[in-house]
Structure formats: C-alpha cells, structure tokens
Amino acid sequence: MSQITQRIILLCVLMLLSVHKMLAIHVNIINSLEDNLNLTVHCKSADNDLGVHVLHHRENFGWSFGVGVFKGTLFYCGFTWNGQLHWFNIFKKTDKETSDCTECEWHIFKSGPCRTLTSSTTSCFPWNKNK
Ligand SMILES: *[C@@H]1O[C@H](CO)[C@@H](O)[C@H](O)[C@H]1NC(C)=O
C-alpha cells in the first residue's frame with residue numbers, strides 16, 4: 001500500500017469516528033404519570049427492539065444510539081398504563097421537535113410526552129393519532 005493510500009484511509013477512519021461521536025444521541029424516558037401509575041414502555045426502530053420495560057413512578061429507561069448522516073432514524077415507543085396503549089415517535093430525525101437534542105429527556109404524562117428543553121422549560125406533545 002502506498003503511503004498516500006494509507007493516509008487517505010487513516011483520514012477516512014478519523015472522519016467516521018468523529019461523525020459518529022458528534023451524532024451520538026441519548027434518549028431517557030421518565031415515568032411522570034399522575035396517580036403513581038406504573039408505565040410499560042416498549043421502544044423500537046427499524047433495526048432494534050429495545051424490549052419491554054416496566055417503570056414505577058419516577059423510574060427511567062434510557063438508551064444511546066448513533067445517527068447515520070444519510071439514514072433516517074426513527075424510534076417509536078408504545079406506552080401502556082391501566083390497559084391503555086399510546087404511541088409516540090420519540091426520536092424522528094426528520095422531525096426537529098423530537099430530534100433537536102443529544103440528551104433527549106422525556107417525561108411521560110397521561111396527556112402525552114413532554115421533552116425537557118432547559119431546566120425550567122418543557123415542550124409537550126399529543127400522542128400519535130393512529131394506534
Ligand atoms: C406498580 O407495580 C408494583 C410491582 O412491581 C406494585 O407493587 C404496585 O402496586 C404498582 N403500582 C400501581 C399504582 O399499580
């Protein structure tokens with residue numbers, strides 16, 4: 001291998017590593033349901049099923065992932081309490097309102113999920129309409 005080829009390969013590897021690092025996302029979901037209800041969370045993407053997790057009041061469930069530069073990334077979650085199931089797209093790369101974060105913190109209320117923007121502000125969303 002010529003030296004120039006080696007340098008180009010090294011440069012590509014470094015670029016890939018830095019892109020991956022820049023776009024590492026952490027999502028955290030906190031059970032903030034009223035009445036101390038338990039919350040069952042089941043999140044998935046096209047390639048990953050994160051499994052079923054039961055959160056007691058105030059408990060959290062989180063995971064990390066890398067977002068590809070060209071690939072659309074979507075994680076959607078089912079939230080169940082009192083036998084009612086609701087869905088929400090918790091991270092959708094093409095949707096600025098859910099993907100404008102690297103530390104994405106969500107509080108789950110009966111009325112819908114709220115994302116923490118700063119220590120004192122949150123942005124709340126309705127559940128998905130189609131079940
Ligand atoms: C939540 O689940 C625990 C068991 O894991 C149970 O003891 C508790 O009563 C449940 N809370 C409610 C509000 O149903």
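Atoms within a ligand are numbered from 1 in the order they appear, just like the ligands themselves.
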Can you sort out which atoms of ligand 1 are near Asn36, meaning under 4.0 Å from one of its heavy atoms?
13 (C)

Show me which atoms of ligand 1 lie under 4.0 Å from any heavy atom of Asn38.
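Contacts of ligand 1 toward Asn38, numbered from 1: 1 (C), 2 (O), 3 (C), 8 (C), 10 (C), 11 (N), 12 (C), 14 (O).
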
Any protein heavy atom < 4.0 Å from atom 11 (N) of ligand 1
yes

Is the shortest distance from atom 14 (O) of ligand 1 to a protein heavy atom below 4.0 Å?
yes

Rounded to the nearest 0.5 Å, what separation is found between the CG atom of Asp100 and the CZ atom of Arg115?
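Result: 5.5 Å between the selected atoms.
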
Under the criterion ring-ring contact (aromatic ring centres under 6.0 Å, His included), which of Trp87, Phe79, Tyr76 is the partner of Trp127?
Phe79

Test your reading of the model: is there a side-chain donor-acceptor pair from Asp49 to the backbone of Gly51, 3.5 Å cut-off?
yes

Verify the neighbour count for atom CD1 of Ile4: are there more than 12 heavy atoms of other residues, nucleotides or ligands below 6.0 Å?
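No - once you tally the heavy atoms of other residues, nucleotides and ligands closer than 6.0 Å, there are 12 at most.
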
Between His57 and Asp35, do the side chains contain an N or O donor and an N or O acceptor separated by less than 3.5 Å?
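His57 vs Asp35: no donor-acceptor pair found between side chains.
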
Just need the protein heavy atom nearest to atom 4 (C) of ligand 1, so name the residue and atom and give the distance.
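The protein heavy atom lying closest is His56 NE2, 3.9 Å.
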
